[in-house]
Amino acid sequence: MSDDVIMEIILESEQLRKEFGALVAVNDVSIKIRRHTIHSIIGANGAGKTTFFNLLTNNVEPTAGRVIFKGRDITRLPLHRIAHLGIGRSFQITNIFPNLTVLENVRLAAQALGKDNFRLLDHHRHFQRYEERAWQVIRQVGLTERARMPARTLPHGDQRKLEVGMILAPDPEILLLDEPTSGMAAEFVPEMIGLIRQIHRTGQKTILLVEHNMGLVMSISDYITVMHQGQILAEGTPEQIAANQVVQSAYLGRLGWQVSEQ
Amino acid sequence: MTGITNLLRKNRTQSITLAALVVLFLLALQGMEPSDWIITVLRGLSVAAVTFLVASGFSLIFGLMDVLNLAHGTLFMIGAYLGWTAYVRPDTLLDLATPFALFIAGLMLAPLWDAGLSRARVAMRAGRVLPWLILALGLGVLAFGLVRYPITAWDASVYDKSPVVFGVQLDLGQTDLPAPLTADRAQVILAMMSVFAGGALVALGLALNAARQRLAAPRVTWRALWLPLSLIVVGVLVYALNDALTAGVVAAGTTWRFCIAVIVATLAGAGLGALMESTLIRPLYARPIYQLMLTLGLGVIGREVVIALWGRTQMQMPKPALFNAMGKGCPAETLWDALINQCATINFMGTRIRTYNEIFIFVVGVIVLIVVWMLLQRTRIGMIIRAGVQDRAMVEALGINVRQVFTFVFALGVGLAALGGVLAGPSMGVSDDMGESLLLAGLIALAIGGLTSFPGAAAGSLLVGLLQQFIVKYGQIGIALPFGAQPFKPTPPLVPASTLLLMVIILLVMPNGLFGRRE
Amino acid sequence: MSNLLEVRDVHTFIGQFHILQGVTVTVPKGAITTLLGRNGAGKTTTLKTILGLTPPRTGQVIFDGREIQGQRTFEIAALGIGFVPDYRAIFRDLSVEENLRIAERKPGDLERKADLIFGLFPDLKRLIKLRGTQLSGGQQQMLAIARALVADNKLLLIDEPTEGLAPVLIEQMMQAILQLAAETTVLLVEQNFHVASQLAKHYVIIEEGRSVQSGVMADLLKDTATVRRYLGAA
Amino acid sequence: MKILRDHSTFLAVVVFLIAFPFLMALLDGQSIGAMLAGQSGNSKFYQGLLIEIFILGIFALSYDLLFGITGLLSFGHAMFFAVGAYTAGLALKSLKLPLPQTLGLVILAGIAQALLFSIVLPRVKGITFALVTLGFASVFHIVIMSHELNDLAGGDVGLQNIPKPDYLDPAAQRLTFYFVALAFTILVYLFYRRFVDSPTGRVCIAIRENEHRAQMLGYNTFYFKLVALIVSGITAALGGALHALYQPIVSPVTASLAYTVNALLIILIGGVGTLSGALVGAAVFRLLQFFLDKFFGESSSFILGVVYVALVLFLPYGIIGTWRAHRLEWQAAWRARFARVATMLNRKT
């Protein structure tokens, strides 16, 4: 789907490494994410996917290595600066403002990169562009009817959607989604896939996805990186990965789920 | 070696700050005589020991249950007051022993209530407020009984001497207790019964409160009745033999009385801690900020109760005979001589050291440090505590009653604070504001050491104690500053201020304290 | 055939969330039963509900002929239930030996069970003096299972024992669990259907907080439609 | 009209407070003229009590902004207040500055303290922040009590004989002072309401809810906490200045931990994070203190302590918080009750 787009690298890691005591969670991982692609990282639980994600966005400080975003070293940048560069990320464990309404959650996200954060004497409702943006995003993720509810009262699946909405609101260039379907009931997974596809297509965005729902990964990814025990096992298009012997034996094959032919 | 270099490189700011502090300290030592230095260090160690007794309880409680017990200073003070009473007015102690035993006997009916309630299935219907009402009713019945029970010290007609007088008298070597009260037997029996009933009602309230949260109760055996029954017997016996026991304790001399005081204060403190944890703190485990505020309030209440019972005056607590002799062979030349002659002071490197203040308190502090450390590292309960700090649910899933361990730790922490209070009595005097200064010192030591770390509490106390005493010393001899012509003499208020500054500096450089874990 | 554990239509709430909406599980004595289902279906919550870590609001849990729902966790565990959580919960500040020792219900349990434990996991003997933090993932998993074996447990609840392990270790872990099942009853949660199908004799499928199907594993293996519907890739 | 309806409670309270001195005088049988002339009487006395409540309320409001809204637990908040009080007192007494300049100085002092606290903000969090702020405040408390500053700050007695401007003398011009304090309190309250509803205030709430998430969205949370600290610092310092103007002595107690605890207690009574709760709490707190002192004397602080513990255990959301949570059910219940009574009455007729 992205044949005619220039294959420019937007985000890359160089020899990224993280040790927790004796455990090497991420072992010198180098990866290149091309602009406007959906790139998935798969691997068993504990393979180091989430830690790798945390290293990319500096939620966890790496032991060694670098992260480069659009040619710029962002390895140890403060969290808020990373967001300002146009990187949005979601978490495996839903990370929202539980006691605020859905609208307020998204509105805060939309307001974050604006220039009106320190207007002490104006009511926040007076800044309509944020409110409009928030409604737009809420419509996009399909939460219009629940916009006025406190976020904690939402069902789990809707909270996941809200989180995607919060990342989307400031209109980032790249979205890092950590298991967006984790804990979702099966019939809502296609909805999430549709949402991700739509975000990718309409916004011309790059999406980096950590997932272990194989079906989802195979059906929407342009590229797949397979991680195993903190290292990259294989990289390539879904077809290449499905055909890869090493992946077959170590992850997908004898001990794993059958790959669906979708 | 490489490990140390690595450590230094990784913690550069920390190392530089520590080095700067050490250099400053050494520079400050320039104008000091060696004998001054020794006595200051020894005094510092003694203050450190008392601070440690408070801070260790803090760190144990905070480490295991995330409760910053701001009532700790008050509990320290209560320990001092209880110790004072047992020491100076042993008759009051014995007067109180009977109602106390009966009250505890009543409390021990809790398991029976538990079983009974779950069988009757009333707990579910009891609601939120009823248990507390029963609790309050129980305390009321208890007060009703206590007022009627003959306690000499509380009797207005014998209250011709203020508590202060007894302390002064004892310092002169006299014990002149007022004649015991007499009361008619019917009234005493009524009082005893209502105290017991008060305990039973409090237990019922607690059981109701606990039972609301569960569906099934543990089985009880009749063996659970043995302990309360024997407590009742003991209580009645103490009442019958009250006069003889009082005479015996008075005759036993101050050293023994001091031992009794230490034991009574520590145990009472531990009991108070257990009661606090199981009634008030437990419902709030899910709301840490509220726990903080609750303990703050309890501290205020405790202080008011102490003022109501003992008055606002500062009271003397004479040193026990073992550390009080002045005459023959004193000041002693060696530690052994000091013990044999029961000397108050001892000659050491050209200065005179007080055996109680500078040696005894420090030794007790070290013993407590070692005992608690061994308890944590070598015993099963210590193992459970260390595990519980990390993962409460998993410990419970191994079949261990974590709540009991929590209560134990709380009791231990408060008991240590009370021990600190009674030890500090003879050296600091007993007053209602002693708790606040120790609360602050303990908090500072805890923060310096790293909140949850037990060795950290010891190190923090050491720093706080030494710094305090050095500032005090410089207040006397003055400190030669490079830029000032006159030596600078810090005034007493600067003593706590200096420790606070030390804390702020250390926390700014090492937000987790000296021994704290990251994150 | 008698059932060691019966979970009857339990409903569990965590906060306001209705996590389990009617789960029924029977665990026959002396075999491995496995809970299957997707991430977040409620398998782990089912284990926690049995143990009282997340007590059920309604429904019954019957262990060894006794109703245990609503009892405190330590009381339930002391009846003879061992728990191996998915996050392993190795105590960092305790040595390997202490990690085992803490599970003793009476003094000497560890010595009594030493042969069994070190027979299953010879590695642990070598590591006995190390701290919890110094272990690798696989070693932590072995220790977590070993810890559940120290006391005489009639039932082991094992959550995701092969998660994040290398294939070689998975093989080893499966062998160990099979050996265990010869002596005790096991209720297993396993994401990896391949592993689960080789280990378990009985299965229960949990979907969105409800138990939707249960039976004998051999039958399930033939029923590819069901496997795909509940467990396979979407 | 809509504004009137939406803010009816607020307006009613304001109207009542404006009318209060006159109502009191009428109830007491005092002529309005005598009351206006500032003659002693019940009205003057209760005006004084309300002024104290306003000052406490401002202090508690500033604490609510830090703790209730932004989620920063500080044990050194009393310092904000005391620095304002001492700065105002010293400026009037020792520097002989006129009032406007004094207030300017107080505002600067408030900002300076906020900056001092903010130095530690990026380093320490949670309970450690509370302890460090306690450290700052205690050092200040000790310093103003020290003998070296006896001539200046009055040692442990406090700062006395502060010259008050003639037009705002609390003894002679009590009514003026009352209205100034009332107006200032309303102003502060309205400003706080607006602040909480401003984009900045919303981010402060977000920080309380989930600071990590706020950072990931791109907020440099430090600046928002700094703004909250500065606003809170200035408000508390101005409250302190008002205190210095009103009270005959500025006691060093105003810098002690106990004074911070008062603020905590007040917002706990009123409801943490509700703003209006701070004012309601201040009223309840001061009146409770007043009547307990009157009836129980010595043991009043014991009873206050018991009330406090009971509040923590049984009413954790405070008066306003509980009211907001249950308002709808309660209103429905009352409506149902009225309806039942109405039907009963209907049946009878």
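Chain letters run A, B, ... following the sequence lines, proteins first, then strands; residues in each count from 1. This one's a predicted model, so the numbers in the text were calculated from it and none came from an experiment.
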Next on the checklist: Tell me whether the count of non-hydrogen atoms from other residues, nucleotides or ligands lying under 6.0 Å of OH in D/Y223 goes above 12.
Outcome noted: no
Next on the checklist: Could you check whether D/E209 pairs with A/R152 (Lys NZ or Arg NE/NH1/NH2 to Asp/Glu carboxylate O, under 4.0 Å)?
Outcome noted: no
Checklist entry - Within residues 110-122 of chain A, which positions have a heavy-atom distance to chain D below 4.5 Å? => result A/Q111, A/A112, A/L113, A/D116, A/N117, A/F118, A/R119, A/L120, A/L121, A/D122
Checklist entry - So, D/H212 versus A/F91, ring centres under 6.0 angstrom or not? => result yes
Item to check | side chain to side chain contact (heavy atoms under 4.5 Å, CB included) partner of D/M216, the single match among A/N59, A/N95, A/I82 | outcome: A/N59
Checklist outcome for this item: Comparing A/T57, A/L85, A/I87, A/I96 against chain D, the one with the most heavy-atom pairs below 4.5 Å turns out to be A/I96
Next on the checklist: Using the rule given for side chain to side chain contact (heavy atoms under 4.5 Å, CB included), can you reason through D/R213 versus A/E163, listing the C-alpha separation, both sets of side-chain angles and the distance that settles it, and then say yes or no?
Outcome noted: CA-CA 10 Å; D/R213 198 9 143 190; A/E163 204 178 358; 3.3 Å; yes
Checklist entry - Does a side-chain heavy-atom distance below 4.5 Å link A/F97 with D/L217? => result yes
Checklist entry - Side chain, backbone, both or neither: which part of D/F191 has a heavy atom under 4.5 Å from chain A? => result side chain
Next on the checklist: For a 4.5 angstrom cut-off between non-hydrogen side-chain atoms, does D/I205 reach A/L100?
Outcome noted: yes
Next on the checklist: For D/S198, is there any backbone N or O sitting under 3.5 Å from a side-chain donor or acceptor partner on A/H124?
Outcome noted: no
Item to check | Choice from D/D197, D/T221, D/N210 maximising heavy atom contacts with chain A below 4.5 Å | outcome: D/D197
Item to check | Heavy-atom pair of closest approach, residues A/H123 and D/R194 | outcome: N-NH1, 3.5 Å
Checklist entry - Heavy-atom count around D/F195 CZ within 6.0 Å, excluding the residue itself: above 12? => result yes
Item to check | Part of D/V203 lying under 4.5 Å from any heavy atom of chain A | outcome: both
Item to check | Interface moiety of A/I167 toward chain D, non-hydrogen atoms closer than 4.5 Å | outcome: side chain
Next on the checklist: Tell me whether A/R129 at atom CZ has more than 12 heavy atoms from other residues, nucleotides or ligands lying less than 6.0 Å away.
Outcome noted: yes
